[in-house]
Colleague: 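Structure provided below as structure tokens; questions to follow.
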Amino acid sequence: RCHEILQEKDAVCEDCVVEKTFNSGDPCAKEKLCLSNAGDTWIEILTYPISDVEGSVSHVAEYIRDITGRKRADEENLLLIKKLEHISRTDALTSLLNRRAIIKELRTEVERAKRYSSLVSLLLCDIDYFKEANDAYGHEAGDKALVHVANMLADMGRGSDRVGRYGGDEFMLVLPQTEIKGAMELAERALSAIKSNQVMLADGRAFNVTVSIGVTAFDLKGDDTESLIRRADKAMYASKRAGRNSITVGK
């Protein structure tokens with residue numbers, strides 16, 4: 001019997017399809033993982049009722065086939081799908097969420113704020129004099145600066161916060177359940193940390209970068225995703241005009 005051969009048990013398994021077919025008179029099927037020293041094997045068990053002259057089930061025919069190859073292919077396909085989903089959402093250089101993904105996260109939080117009257121704040125952050133750093137140190141410096149700022153911003157957030165590369169040298173931080181005061185505190189920490197830590201190049205050279213930040217909070221009285229982004233963007237450029245390395249609150 002299969003429970004003796006495959007499981008080394010004295011009694012039928014809890015979800016035995018042979019027993020189900022005896023009781024119901026219907027064909028049954030299930031997949032089962034069999035563990036052994038020789039290696040794990042996936043099997044598919046199919047059962048068919050055999051009736052006597054009175055129509056009662058007298059025997060059950062059990063058909064077992066090895067589906068290990070198919071299950072492994074399914075697992076590989078699942079891993080591939082997950083990898084492709086990750087690639088589609090991730091910025092290749094910084095490993096942050098890409099523009100499409102971070103805007104999607106923001107839309108989700110805005111819809112949640114509308115539905116439950118909850119809080120959500122937004123930060124837009126732009127690297128100051130980014131072109132000048134590229135010109136002075138080469139394109140490697142630009143990539144290093146982007147990764148440097150991305151890592152600093154990612155380390156600032158809580159587990160529920162979302163950080164993404166909004167485009168070029170701009171970053172977006174979506175802060176659920178955060179009022180403007182909390183968003184400002186995070187922006188101030190980010191401003192200080194980025195300014196205080198140097199960008200290191202492979203040849204040993206180092207340089208500092210600063211950022212300009214725009215901060216705003218969702219307004220339940222008429223805001224939507226686009227208006228929230230516009231306000232944060234306007235505030236960020238106000239920080240640029242104010243001399244950079246500064247924070248402006250968008251209202």
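These numbers were taken from a predicted model, which means no experiment stands behind them.
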Colleague: Where do Lys114 and Glu111 land on the salt bridge (Lys or Arg N to Asp or Glu O under 4.0 Å) test, with the steps shown first?
Modeller: CA-CA 5 Å; Lys114 289 179 180 178; Glu111 289 304 313; 3.7 Å; yes
Colleague: Look only at the side chain of Ser227 and the backbone of Asp224, and say whether a donor-acceptor pair between them is shorter than 3.5 Å.
Modeller: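 Answer holds: yes.
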Colleague: Flag yes if Leu80 and Ile87 sit in one hydrophobic cluster, no otherwise; membership is Ile, Leu, Val, Met, Phe, Trp, Tyr, and two members link when side-chain heavy atoms are under 4.5 Å apart.
Modeller: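 No, separate clusters.
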Colleague: Just wondering, more than 12 heavy atoms not from Asp10 lying within 6.0 Å of its CG?
Modeller: no
Colleague: Taking the six-membered ring of Tyr137, is NZ or CZ of Arg205 closer than 6.0 Å to its centre and within 45° of its axis?
Modeller: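 No, Arg205 does not lie over the aromatic ring of Tyr137.
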Colleague: A quick test of your reading: do over 12 heavy atoms of other residues, nucleotides or ligands sit less than 6.0 Å from NZ of Lys240?
Modeller: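 It does: Lys240 NZ has more than 12 such atoms within range.
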Colleague: Passes salt bridge (Lys or Arg N to Asp or Glu O under 4.0 Å), Arg231 versus Asp219? Steps please.
Modeller: CA-CA 11 Å; Arg231 227 173 29 251; Asp219 184 354; over 6 Å; no
Colleague: Could you tell me whether the side chain of Ile102 reaches within less than 4.5 Å of the side chain of Asn98, counting heavy atoms only?
Modeller: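 No, every pair of side-chain atoms sits at 4.5 Å or beyond.
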Colleague: Side-chain donor-acceptor pair under 3.5 Å between Asp126 and Ser212, yes or no?
Modeller: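 Note: Asp126 and Ser212 side chains miss the donor-acceptor criterion.
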Colleague: Going by heavy atoms in the side chains, are Val215 and Ile247 under 4.5 Å from each other?
Modeller: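 A side-chain contact exists here, since the closest heavy-atom pair is under 4.5 Å.
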Colleague: Before accepting this row, confirm whether a basic side-chain N of the pair Arg70/Glu31 lies closer than 4.0 Å to the acidic partner's carboxylate O.
Modeller: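 Salt bridge between Arg70 and Glu31, a charged N being under 4.0 Å from a carboxylate O: yes.
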Colleague: Which donor-acceptor pairs under 3.5 Å do side chains of residues 43-52 form with protein atoms, sequence neighbours excluded?
Modeller:
residue	atom	partner	partner atom	Å
Glu44	OE1	Arg65	NE	2.5
Glu44	OE1	Arg65	NH2	2.6
Thr47	OG1	Thr21	OG1	2.6
Thr47	OG1	Cys28	N	3.3
Thr47	OG1	Cys28	O	3.4
Asp52	OD1	Glu54	N	3.1
Asp52	OD1	Gly55	N	3.1
Asp52	OD1	Ser56	N	2.9

Colleague: May I ask you to decide if Ile229's main-chain N or O and Asp233's side chain share a donor-acceptor pair within less than 3.5 Å?
Modeller: no
Colleague: Going by side chain to side chain donor-acceptor pair (under 3.5 Å), name the pairs with one or both residues in residues 168-184, residues two or more places apart or in two chains.
Modeller: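 Qualifying pairs, neighbours excluded: Arg158-Thr178, Glu170-Tyr237.
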Colleague: Are Lys20 and Asp26 ion-paired here, with the side-chain N under 4.0 Å from a carboxylate O?
Modeller: no
Colleague: Please identify each residue that fulfils side-chain hydrogen bond (donor to acceptor under 3.5 Å, both in side chains) with His139, with sequence neighbours left out.
Modeller: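 Result, side-chain hydrogen bond (donor to acceptor under 3.5 Å, both in side chains) vs His139: none returned.
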Colleague: Could you pull out the closest heavy-atom pair between Val120 and Ala113, with the gap in Å?
Modeller: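 Shortest heavy-atom contact: CG1-CB, 4.0 Å.
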Colleague: Between Leu228 and Val174, is there a shared hydrophobic cluster once you connect ILVMFWY residues whose side-chain heavy atoms come closer than 4.5 Å?
Modeller: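 As far as the 4.5 Å side-chain criterion goes, Val174 and Leu228 are connected within one cluster.
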Colleague: Indicate yes or no: at least one non-hydrogen side-chain atom of Met172 is less than 4.5 angstrom from one of Leu123.
Modeller: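 In short, these two side chains do not touch, never coming nearer than 4.5 Å.
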Colleague: Does Glu109 come within less than 4.0 Å of Lys104, counting only side-chain N to carboxylate O?
Modeller: no
Colleague: Can a salt bridge be assigned to the pair Lys83 and Glu76 using a cut-off of 4.0 Å between side-chain N and carboxylate O?
Modeller: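 Looking at Glu76 together with Lys83, the answer is no, because their closest N to O distance does not fall below 4.0 Å.
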Colleague: Which heavy atom of Met156 sits nearest to which heavy atom of Leu186, and what is that distance?
Modeller: O-CD1, 4.1 Å
Colleague: Return yes when atom NZ of Lys71 has more than 12 non-hydrogen atoms of other residues, nucleotides or ligands closer than 6.0 Å, and no otherwise.
Modeller: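 Enclosed: over 12 neighbouring heavy atoms sit under 6.0 Å from NZ of Lys71.
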Colleague: With hydrophobic residues grouped by side-chain heavy-atom distances under 4.5 Å, do Leu97 and Leu173 end up in a single group?
Modeller: no
Colleague: Do the side chains of Met184 and Glu188 get nearer than 4.5 Å, heavy atoms only?
Modeller: yes
Colleague: Hey, does the side chain of Asp91 reach the backbone of Leu96 with a donor-acceptor pair shorter than 3.5 angstrom?
Modeller: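 Checking the backbone N and O of Leu96 against the side chain of Asp91, no donor-acceptor pair under 3.5 Å is found.
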Colleague: Answer yes if Leu122 and Met236 sit in the same cluster of Ile, Leu, Val, Met, Phe, Trp and Tyr residues linked by side chain heavy atoms under 4.5 Å apart, and no otherwise.
Modeller: yes
Colleague: Any side-chain heavy atom of Pro176 within less than 4.5 Å of one from Asp161?
Modeller: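 Yes - at least one pair of side-chain heavy atoms lies under 4.5 Å apart.
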Colleague: Find out whether Val211 and Phe171 are in side-chain contact, i.e. whether some heavy atom of one side chain is under 4.5 Å from a heavy atom of the other.
Modeller: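 No, their side chains stay 4.5 Å or more apart.
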Colleague: Would you say the side-chain atoms of Thr248 and Ser239 include a donor-acceptor pair closer than 3.5 Å?
Modeller: yes
